[in-house]
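Each remark here refers to the structure printed beneath this line.
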Amino acid sequence: MSKEINEMLQGTATIVAPSNKPNTKKLFLESYGCAMNFSDSEVVASILKKEGYTTTRDFEEADVILVNTCSIRDKAEQTVRQRLHIFKKQKKNKPGLIIGVLGCMAERLKDTLLEQEKLVDLVVGPDAYRDLPNLLENVEGGQRAVNVLLSREETYADISPVRLSQNGVTAFISITRGCDNMCSFCVVPFTRGRERSRNPLYIVAEARELVENGYKEVTLLGQNVDSYRWNNSKKGEIENPEIPTTSFAELLEMVAKVSPELRVRFSTSHPKDMTDEVLYMMAKYKNICDYIHLPIQSGSNAMLKKMNRNHTVEWYLERIARIQEIIPNCGISTDIIAGFCDETEEDHLDTMRLFEQVKFNLAYMYYYSERPKTLAERKFEDNIPLDIKKKRLSEIVAIHRQNALEQNQKTIGKTYEVLVEGEPKKNKDQYSGRTSENFYAVFPKEGLTKGTYINVKIVDCSSATLIAEVIQ
Ligand code: SAH
Ligand code: SF4
Ligand code: F3S
């Protein structure tokens, strides 16, 4: 998973769409949560650009503020709420200002945000963005506006997103929406609805457009990319008579063939569904990156069962072994939840043992946060005290950091090809980029151009970053 996705998973990414259409109304758009939300904001920017909205980086200048929200953990919701309070204050200075909530908090909090707390004027769920122009008009007419209907069909397949990523090198393409898995801890099936796949022809067209505009990397996005399946008989869609159905492996190949200069990544893989066919496809194409994000959530079979993940630890380890066999040196990352309902010290030690066994290059680690409507909220007691959750999490973080450092140290002295992506936040004299395996490297900027591939030699590292020298 890229640093960019990581940042978005952790919290915020302020995004601004460039627009060249003259208009009087200015839009400020901010995204929280996962890469899918970020990608959706690009769809929203595209829909509103057609209406003539221009965008601004400064919310004090905006006529419309839209916040694309995340519900995955309580903390994510609290962060958004704090932002909404800041925006509401701005309304005192600018009474005509419209404030709207998009995304995953929409369905759950529509009444609270609109009616009780009167924090916003507009609430729009993830499948209703085409209705935004209409809803904005209603708000201008003095009404509050809501559309949180989830759809079984909407994939925004035909909408060409306005690219909001700042670097002009890497971009996201959504390939599925929603999720049918019903992991017992997870709110996503409730906020985003049923899983649907997007027409591969539009996905490939979007990749081509990105290449034409100088982009060098795409990440295909879905909650469970392995369950991507397109059936050509869908009504009202452009048909591809040559291919009746498309699997995820086939889609990967179609995108990889767009250009050998275009790196292809994807996220998220599900251990229960990840096939060897996908692994062989990765091995076949150099431009499909050697990196898999494969969340396990817990190293204990009892917890995995309770989480409704539909696989065991043994199954997961077998998948890891297959990855290493078919794609030697493949970068592997994971997600973990500490302190799920009824988790014993022994369950926790199982997770610690798993981390000793599989030395992940990257891990996104959280403690359990109970979410409304989920199976866990209805059936199980959130019975692990917060201090224990935090203690277990910090133990997992410590072992992971040590492992990641060891893995990174092994790269010292080796050479890698990296794609030059942009400046790291802390040092403007450097550029950063990633290896195919998703190692994040920084190197001196001099003489380099963003969006090119270069060879580097690793000279030093921390647990998160490789320090590299450019090889001429
Ligand atoms: N579709 C992906 C995950 C999407 S959510 C998958 O199946 O792996 C991203 C991560 O947030 C999850 O992998 C999980 O580790 C974490 N997460 C989800 N719900 C959570 C909750 N209620 N409490 C804590 N972490 C949670
Ligand atoms: Fe949530 Fe599970 Fe779906 Fe991932 S696969 S989005 S964790 S329900
Ligand atoms: Fe993503 Fe958060 Fe929704 S992680 S799918 S924005 S709940």
Side-chain angles (χ1 to χ4, degrees), residues 1-10 13 15 31 33-43 68 155-156 160-177 179 197-198 200 202-211 213-228 248-249 251-270 274 278-279 281-282 285-295 327 330-335 361-362 364 418-422 432-440 450-451 453:
M1 189 171 286
S2 75
K3 219 167 179 288
E4 217 171 349
I5 305 184
N6 178 20
E7 271 165 24
M8 278 178 253
L9 278 169
Q10 306 309 324
I15 47 171
S31 264
C34 66
M36 266 153 252
N37 250 15
F38 184 81
S39 177
D40 278 3
S41 290
E42 299 189 321
V43 167
N68 203 349
T155 58
Y156 303 110
S160 172
V162 168
R163 295 297 162 188
L164 303 167
S165 85
Q166 313 254 339
N167 65 15
V169 178
T170 61
F172 297 119
I173 301 184
S174 282
I175 65 163
T176 67
R177 296 185 71 79
C179 186
S197 296
R198 185 179 178 197
Y202 285 114
I203 296 170
V204 170
E206 216 177 296
R208 282 213 185 96
E209 198 181 317
L210 285 165
V211 170
N213 290 317
Y215 283 80
K216 292 289 166 61
E217 182 181 295
V218 290
T219 303
L220 307 179
L221 295 177
Q223 293 296 354
N224 177 358
V225 288
D226 303 290
S227 64
Y228 176 88
F248 178 56
L251 177 72
L252 264 183
E253 179 160 50
M254 288 163 81
V255 180
K257 279 180 167 170
V258 166
S259 162
E261 282 279 293
L262 183 72
R263 276 184 170 181
V264 185
R265 297 185 186 272
F266 53 86
S267 187
T268 300
S269 302
H270 198 302
M274 193 196 68
V278 167
L279 301 179
M281 204 56 88
M282 291 171 74
Y285 288 91
K286 181 174 175 277
N287 61 328
I288 306 179
C289 291
D290 292 346
Y291 169 65
I292 298 185
H293 181 58
L294 197 65
I327 314 158
C330 187
I332 300 173
S333 60
T334 202
D335 290 349
N361 299 100
L362 260 174
Y364 302 95
V418 299
L419 171 62
V420 182
E421 290 177 31
S432 64
R434 279 168 299 145
T435 70
S436 171
E437 303 81 1
N438 205 36
F439 286 116
Y440 175 76
K450 248 185 1 175
Y453 291 100

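All heavy atoms count here, side chains included; hydrogens, waters and symmetry mates do not. This is a predicted model, so every value here is computed, not measured.
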Sub-4.5 Å side-chain heavy-atom contact between L294 and T334 = no

Does the N37 side chain pair with the main chain of S31, one donor and one acceptor, at a distance under 3.5 Å?
-> no

What is the minimum heavy-atom distance between I173 and A207, and which atoms define it?
-> CD1-N, 3.7 Å

Donor-acceptor pair, side chain of R265 and main chain of E217, under 3.5 angstrom = no

Do T268 and P295 touch side chain to side chain, with heavy atoms closer than 4.5 Å?
-> yes

Could you pull out the closest heavy-atom pair between V278 and F266, with the gap in Å?
-> CG1-CZ, 4.4 Å

Quick check: does any side chain N or O of K450 sit under 3.5 Å from a backbone N or O of G422, one acting as donor and the other as acceptor?
-> no

Search all heavy atoms of N167 against all heavy atoms of V169 and return the closest pair with its distance.
-> OD1-N, 2.9 Å

For Y285 and K257, the nearest pair of non-hydrogen atoms, with its separation, is OH-CE, 3.3 Å

Rounding to 0.5 Å, atoms OG1 (T176) and CG (L220) come to a distance of 10.0 Å

Trace of the side chain to side chain contact (heavy atoms under 4.5 Å, CB included) decision for M274 with L279 = CA-CA 8 Å; M274 193 196 68; L279 301 179; 4.2 Å; yes

Could you walk me through whether L262 and V218 pass the side chain to side chain contact (heavy atoms under 4.5 Å, CB included) test, one step at a time?
-> CA-CA 7 Å; L262 183 72; V218 290; 4.0 Å; yes

Can you check whether L221's main-chain N or O pairs, donor with acceptor, with S267's side chain at less than 3.5 Å?
-> no

Shortest non-hydrogen contact from D226 toward H270 | OD2-N, 2.9 Å

To the nearest 0.5 Å, how far apart are CZ in R177 and CE in M36?
-> 9.5 Å

Can any side-chain N or O of S436 pair as donor or acceptor with the backbone N or O of D290 at less than 3.5 Å?
-> yes

From L251 atom CG to Y228 atom OH, the distance as rounded to the nearest 0.5 Å | 4.5 Å

When rounded to the nearest 0.5 Å, the distance separating CD of E437 from CD1 of I327 is 10.5 Å

Are V225 and I175 side-chain neighbours, meaning at least one heavy-atom pair lies under 4.5 Å?
-> yes

Mind running side chain to side chain contact (heavy atoms under 4.5 Å, CB included) on L164 and S41 for me, showing each step along the way?
-> CA-CA 8 Å; L164 303 167; S41 290; 4.0 Å; yes

Run the side chain to side chain contact (heavy atoms under 4.5 Å, CB included) check on Y453 and E261 step by step: do they pass?
-> CA-CA 9 Å; Y453 291 100; E261 282 279 293; 4.0 Å; yes

H293 and D335, any side-chain heavy atoms less than 4.5 Å apart | yes

Minimum heavy-atom distance R163-E42, with the two atoms named | NH1-OE1, 3.0 Å

Roughly how far, to the nearest 0.5 Å, is the CG atom of N287 from the CE atom of M282?
-> 11.5 Å

Starting at CD1 of I292, measure out to CG of N361 and round the result to the nearest 0.5 Å.
-> 11.5 Å

